[in-house]
Number of protein chains: 2
Amino acid sequence: MEAAAALDSLSALAHPTRLDAFRRLVRSEPDGLSTGQLVEASSLSQSTFSSHLAILVGAGLVMPEKHGRQMIQRANIEALRDLMLFLAKDCCEGRAELCEPLLAELSPCC
Amino acid sequence: MEAAAALDSLSALAHPTRLDAFRRLVRSEPDGLSTGQLVEASSLSQSTFSSHLAILVGAGLVMPEKHGRQMIQRANIEALRDLMLFLAKDCCEGRAELCEPLLAELSPCC
DNA sequence: AAAATGCATCGATAATTATCGATGAATGGA
DNA sequence: TCCATTCATCGATAATTATCGATGCATTTT
């Protein structure tokens, strides 16, 4: 993942509404949620939320699937992994010992 | 880490200048870099960069140390770990199998 | 076919963020 | 002490982002 893509992902997640929606989608994998359900969970207007969603989709963090007349939104776990990999790579490349405590706390959570 | 703190970190990193500076600092651990060196690496004015740096410090991602008349900036690896943990926790809590491929690619890098 | 539903897009406005030069405060050196 | 250096803060302006209601398009239901 290049820095530009990482920036897109970070920017997309750097908003309360979008971070909340993304987390909601990650948790609801692999079923996903409809756009309407997400709008309802947010406290914003439909059009405003739609533009937020478009930013998540544009960053590749969310993948919409057309389902009748509603859209089912699904988190892209691979994109999340890529972002985390990007963030971790800096310290891993420099000095692995910096990365070890990072993984040490990450592993037991799974 | 609560969502509010994660948002601060994400917002802080969601800017080309700040992401670049932070990565530079992670790589230069544990020595750190002076503010002046970071300004030089950026293509911005001293005052503009200073405000960017303040955002990284405010998010807890960078920890300045006074050193004579210059400030030595150091990346806070613990804060980076906390952010990654926060991002990973969503899928881990929901379904561990989503998190496994994430760690699978993360481990060999260290 | 007509009405209703679910969602994206448009246009406008408000709010936030980025940028800069100038100034000021603290420190080290002459 | 006086000057130079390093960096933060201030005030102003430009640029970007967030928000909304209205409208439009596709699809399902009646």
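Below, each value reflects all heavy atoms present in this structure, side chains not excepted, and no hydrogens, waters or symmetry copies. Just so we're on the same page: letters track the sequence lines, and every chain starts at 1.
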A:Gln70 has an atom CD; how far is it from atom C1' of D:dC25, in whole Å? 17 Å
Among C:dG6, D:dC20, C:dA22, which is the nearest nucleotide to the side chain of B:Ser47? C:dA22
To the nearest angstrom, the CE-C1' distance between A:Met71 and C:dT9 comes to 14 Å
Quick one: label B:Ser51 by what it contacts on the DNA or RNA (base, sugar-phosphate, nothing), any heavy atom closer than 4.0 Å. base
List, with names and distances, any nitrogen or oxygen atoms from the protein found under 3.5 Å away from nitrogen or oxygen atoms belonging to nucleotides 27-29 of chain C.
{"residue": "C:dT27", "atom": "O2", "partner": "B:Arg69", "partner atom": "NH1", "Å": "3.3"}

Counterpart residues, side chain to side chain donor-acceptor pair (under 3.5 Å), relative to A:His52 (two or more places apart): A:Arg18
Any donor-acceptor pair under 3.5 Å linking the side-chain atoms of A:Ser50 with those of A:Ser47? no
Set of side chain to side chain donor-acceptor pair (under 3.5 Å) partners for A:Ser42, sequence neighbours left out: none
Quick one: salt bridge (Lys or Arg N to Asp or Glu O under 4.0 Å) partners of A:Glu65, sequence neighbours excluded? A:Arg74
Atom pair CD (A:Gln70) and NE2 (A:His67), whose distance is rounded to the nearest 0.5 Å: 8.5 Å
Near DNA chain C, under 4.0 Å by heavy atom, which residues of residues 32-46 of chain B? B:Leu44, B:Ser45
Minimum side-chain heavy-atom gap B:Asn76-B:Val62 below 4.5 Å: no
Between D:dT9 (C1') and B:Phe49 (CZ): distance, integer Å: 16 Å
So, do A:Asp90 and B:Phe22 sit near enough that their side-chain heavy atoms are less than 4.5 Å apart? no
Got more than 12 heavy atoms from elsewhere within 6.0 Å of CE, A:Met63? no
Using modelled atom types only, decide if a donor and an acceptor are shared between the side chain of B:Ser28 and the backbone of B:Arg24 within a distance under 3.5 Å. yes
Whole-Å gap separating C1' (D:dT19) and CG (A:Leu53): 16 Å
With the criterion being N/O to N/O and under 3.5 Å, what pairs connect the protein with nucleotides 13-18 of chain C, and how long is each?
{"residue": "C:dA18", "atom": "OP1", "partner": "B:Arg18", "partner atom": "NH1", "Å": "3.4"}
{"residue": "C:dA18", "atom": "OP1", "partner": "B:Arg18", "partner atom": "NH2", "Å": "3.4"}
{"residue": "C:dA18", "atom": "OP2", "partner": "B:Arg18", "partner atom": "NH1", "Å": "3.4"}

Scanning both residues in full, the closest heavy-atom pair of A:Phe49 with A:Thr35 reads CE2-O, 4.5 Å
Is the shortest side-chain heavy-atom distance between B:Leu53 and B:Val39 below 4.5 Å? no
